[in-house]
Amino acid sequence: HTDWVITTRLDSDDAISDMYMSYVRSRSTLGRVEFLNFPEGFQFSDGRLLLYNHPSNAFISAASYRRDDMVTVFSEWHDRLGSIAPVRQVPNLRLWVQVCHGDNVVNQERGIRADHRKYRERFPFLEIEEQTTPRYLYDLLVTCFRAGRAVLSSPRRITRLLPKRGHA
């Protein structure tokens, strides 16, 4: 019995924070069909959390009128939804996790190693490994080198790699 519906895209092998839906609801402009995209998130690979930025990621939500021609997150590919309705970027929140694993041929590690002590409580259901300082520094160096190599091969990627000031 509502005029508005919010849909959110989430694959079965990925995760969102417990706070994700409350942020979507509080930032949705009911009365206006729009998509909300949280460009900053994480990747999770081999027990490690990686900071990952993606301006048109799959973790997107749609606010739409409830009717037969309702707009949802599956109305178009996630990176083309802007052709249907405005996409509003919601920066400075890391509320989603893309899980990288051997069975997933699309996702590869692209993020920069995160300090798990800062973010572990957002995703208590992930089995994040305890990190020693040497292991953390090694992973940080390797992931920064990989990111640098990716930027050299395609300079537009720099906007995905570097967090903006004040990021959560």
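As a basis for the values below, the full set of heavy atoms in this structure was taken, side chains included, without hydrogen atoms, waters or symmetry mates.
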Nearest 0.5 Å please: distance from the CG atom of Asp139 over to the CG atom of Leu49.
11.5 Å

Just verifying a value: how many Å separate Ile16 CD1 and Met21 CE, rounded to the nearest 0.5 Å?
6.5 Å

Evaluate the criterion side chain to side chain contact (heavy atoms under 4.5 Å, CB included) for residue pair Arg110 and Tyr52; output intermediate values, then yes/no.
CA-CA 7 Å; Arg110 293 188 182 107; Tyr52 184 53; 3.6 Å; yes

Is it the case that one hydrophobic cluster holds both Met19 and Leu10, taking links as side-chain heavy atoms less than 4.5 Å apart, direct or via other members?
yes

Under 4.5 Å between any side-chain heavy atoms of Arg135 and Glu129, yes or no?
yes

For the residue pair Thr72 / Arg9, report whether a side-chain donor-acceptor contact shorter than 3.5 Å exists.
no

Joining Ile, Leu, Val, Met, Phe, Trp and Tyr whenever any side-chain heavy atoms lie under 4.5 Å apart, the cluster holding Val5 also takes in Met70

Partner set under side-chain hydrogen bond (donor to acceptor under 3.5 Å, both in side chains) for Ser64, not counting sequence neighbours
none

Which residues pass the salt bridge (charged side-chain N to carboxylate O under 4.0 Å, His left out) test with Asp115, sequence neighbours left out?
Arg117

What pairs with Asn57 under side-chain hydrogen bond (donor to acceptor under 3.5 Å, both in side chains), at least two apart in sequence or on another chain?
Asn37

Between Ile128 and Phe44, is a side chain to side chain contact (heavy atoms under 4.5 Å, CB included) present by the stated rule, with each step listed?
CA-CA 8 Å; Ile128 299 172; Phe44 181 69; 3.8 Å; yes

Which heavy atom in Leu50 sits nearest to a heavy atom in Thr143, and how many Å separate them?
CD2-CG2, 3.9 Å

Is atom CZ of Phe145 surrounded by more than 12 heavy atoms (other residues, nucleotides or ligands) closer than 6.0 Å?
no

Are the side chains of Pro39 and His54 in contact, using a 4.5 Å heavy-atom criterion?
no

Dump the intermediate steps for side chain to side chain contact (heavy atoms under 4.5 Å, CB included) on Asp3 and Arg66, then the final yes or no.
CA-CA 5 Å; Asp3 293 331; Arg66 184 177 154 211; 5.8 Å; no

Distance col, row Phe42:CZ vs Leu95:CG, nearest 0.5 angstrom, shows 8.5 Å

For Arg120, look at atom CZ and say whether over 12 heavy atoms of other residues, nucleotides or ligands are found less than 6.0 Å away.
yes

Minimal non-hydrogen separation, Phe123 against Ser17, with atom names
CE2-N, 3.5 Å

Under the salt bridge (charged side-chain N to carboxylate O under 4.0 Å, His left out) test, which residues partner Arg146, sequence neighbours left out?
Glu109

If only side-chain N and O atoms count, and only distance matters, is there a donor-acceptor pair under 3.5 Å linking Ser28 with Glu34?
no

Which residue pairs pass the ring pair (Phe, Tyr, Trp, His ring centres under 6.0 Å) test with at least one member in residues 58-85, sequence neighbours excluded?
Trp4-Tyr65, Phe59-Trp96

Output the distance between atom CZ (Arg113) and atom OG (Ser45), rounded to the nearest 0.5 Å.
10.0 Å

To the closest 0.5 Å, what do you measure between CD (Gln43) and CG (Asn53)?
10.0 Å

Taking all non-hydrogen atoms of both residues, which atom of Leu81 and which atom of Val87 are closest, and how far apart?
C-CG2, 4.2 Å

State whether a side-chain donor-acceptor pair under 3.5 Å links Ser61 with Thr8.
yes

How many angstroms lie between atom OH of Tyr20 and atom CG of Leu93, to the nearest 0.5 angstrom?
10.5 Å

Do Leu36 and Ile60 come within less than 4.5 Å of each other through their side chains, counting heavy atoms only?
no

